[in-house]
Amino acid sequence: MPELPEVETIRRELAAHVSGRTIRRAQVLDARLVQGRAVDEFEQRLSGARVQTADRRGKYLLLRLDACVLVLHLMMSGRVHLRPAADVQPHTRLVLTLDRDPAVHLVDVRRFGRAWAADAADLRDILGRLGPEPLGGGFDWRTLQASFRNRRVAVKSALLDQRAVAGVGNIYADEALFTARIHPTTPAGQLSQAQLQALADGVTAALTSGIANFGTSFSTFETTQGTAGENQTRLHVFRRTGQPCPRCGAPIRRMVVGQRGTHFCGECQREA
DNA sequence: CATTGGACCTGACCGC
DNA sequence: TGCGGTCAGGTCCAAT
């Protein structure tokens with residue numbers, strides 16, 4: 001599920017509901033979730049801590065506590081739910097019981113999600129290699145140019161590299177390339193300045209739309225309230241194989257790039 | 001260094 | 001109904 005717009009949607013809901021609350025108890029229900037320290041130490045670090053704010057860096061969710069930062073990465077299937085502490089549903093991996101309901105539940109079917117109770121040094125290790133925040137002002141065609149220089153990989157793969165720009169995943173990479181009219185397998189280092197500018201704009205536009213529509217959900221809910229996002233109705237190409245391109249009407253095609261399903265318009269996005 | 005392929009997990013869905 | 005294969009919004013690591 002979660003790329004930058006989905007994580008940002010969750011962050012906003014968490015900020016509204018848990019800022020200023022105290023974590024009475026942290027229960028890890030799947031030891032594989034916890035990174036960097038023992039499970040009991042992780043739980044102890046969180047228990048009793050007050051939540052200051054909810055932040056985000058790329059696809060990482062950051063709950064800033066008094067003495068450390070709870071870092072969550074939801075990977076493919078992780079979700080954050082706000083519901084009563086006693087209402088623990090299947091596949092729940094972490095429950096943060098606060099000083100009043102609702103509690104924070106991390107639910108993750110595939111168990112790829114990760115969590116850290118991070119100090120400042122841990123935070124540098126975890127976040128240190130991320131590229132610029134795409135909506136944070138430090139991102140433009142020049143940062144893409146610097147990252148893509150001399151790279152022969154498909155631009156789709158280069159966009160998914162979090163060192164280039166933080167937070168873009170499979171949905172928004174396809175959408176950004178469509179908006180920029182760039183074929184997904186174009187070697188990253190071969191893009192013209194005009195193409196890099198269009199791509200930077202496409203990334204920004206796709207992510208901004210995703211946030212405005214509360215994220216993209218397929219078949220299953222993802223906001224903390226259990227409601228679906230709305231962005232899936234606004235997508236131009238992603239998972240629209242065979243349906244008409246909104247720009248020219250040609251059928252959207254699907255191919256595999258870097259082992260990821262990739263959707264594009266063969267007419268609007270010509271091979272170089 | 002850059003790039004590729006596999007691994008990590010579970011569940012849904014499709015065709016036979 | 002059961003079985004096998006494919007697919008899924010991400011990242012890391014080993015091999016080349």
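Chain A is the first sequence line, chain B the second, and so forth, proteins listed ahead of strands; every chain is numbered from 1. Worth saying up front: this structure is predicted, and the values here are computed from it rather than measured. Heavy-atom basis, side chains included; hydrogens, waters and symmetry copies ignored.
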*Nucleotide nearest Arg239(A) (side chain, heavy atoms from C-beta), chosen from dA8(C), dT11(C), dT3(B)*: dA8(C)

*asked:* Please tell me whether Met75(A) and Val109(A) are part of a single hydrophobic cluster in this structure, the criterion being side-chain heavy atoms less than 4.5 Å apart.
replied: no

_Exactly one of His17(A), Arg83(A), Glu13(A), Arg11(A) should register a side-chain hydrogen bond (donor to acceptor under 3.5 Å, both in side chains) with Thr224(A). Which one does?_
Glu13(A)

*Under 5.5 Å between ring centres and under 30° between planes: true for Phe112(A) and the base of dT11(C)?*
no

*Spacing between Leu160(A) atom CG and dC12(C) atom C1', to the nearest angstrom*: 15 Å

*Using a heavy-atom cut-off of under 4.0 Å over every strand shown, decide if Gln162(A) touches base, sugar-phosphate, or nothing.*
sugar-phosphate

*Carboxylate-amine/guanidinium proximity below 4.0 Å for Asp140(A) and Arg142(A)*: no

*Nucleotide nearest Arg32(A) (side chain, heavy atoms from C-beta), chosen from dG9(C), dC7(C), dC9(B)*: dC9(B)

*Between dG9(C) atom P and Ile10(A) atom CD1, what is the distance in whole Å?*
17 Å

*Which pair of non-hydrogen atoms, one from Ala188(A) and one from Ala158(A), has the smallest distance, and what is that distance?*
CB-CB, 3.7 Å

*So, is Arg260(A) near the phosphate of dG10(C), with a side-chain N or O under 4.0 Å from OP1 or OP2?*
yes

*For dG9(C), the Watson-Crick or wobble partner whose two distances fall under 3.5 Å*: none

*Is there aromatic stacking of Phe218(A) against dG9(C), centre distance under 5.5 Å, plane angle under 30°?*
no

*Ignoring the backbone of Val109(A), work out which of dT10(B), dT3(B), dG10(C) is nearest its side chain.*
dT10(B)

*Check whether the side chain of Arg110(A) and the base of dA8(C) form a donor-acceptor pair under 3.5 Å.*
yes

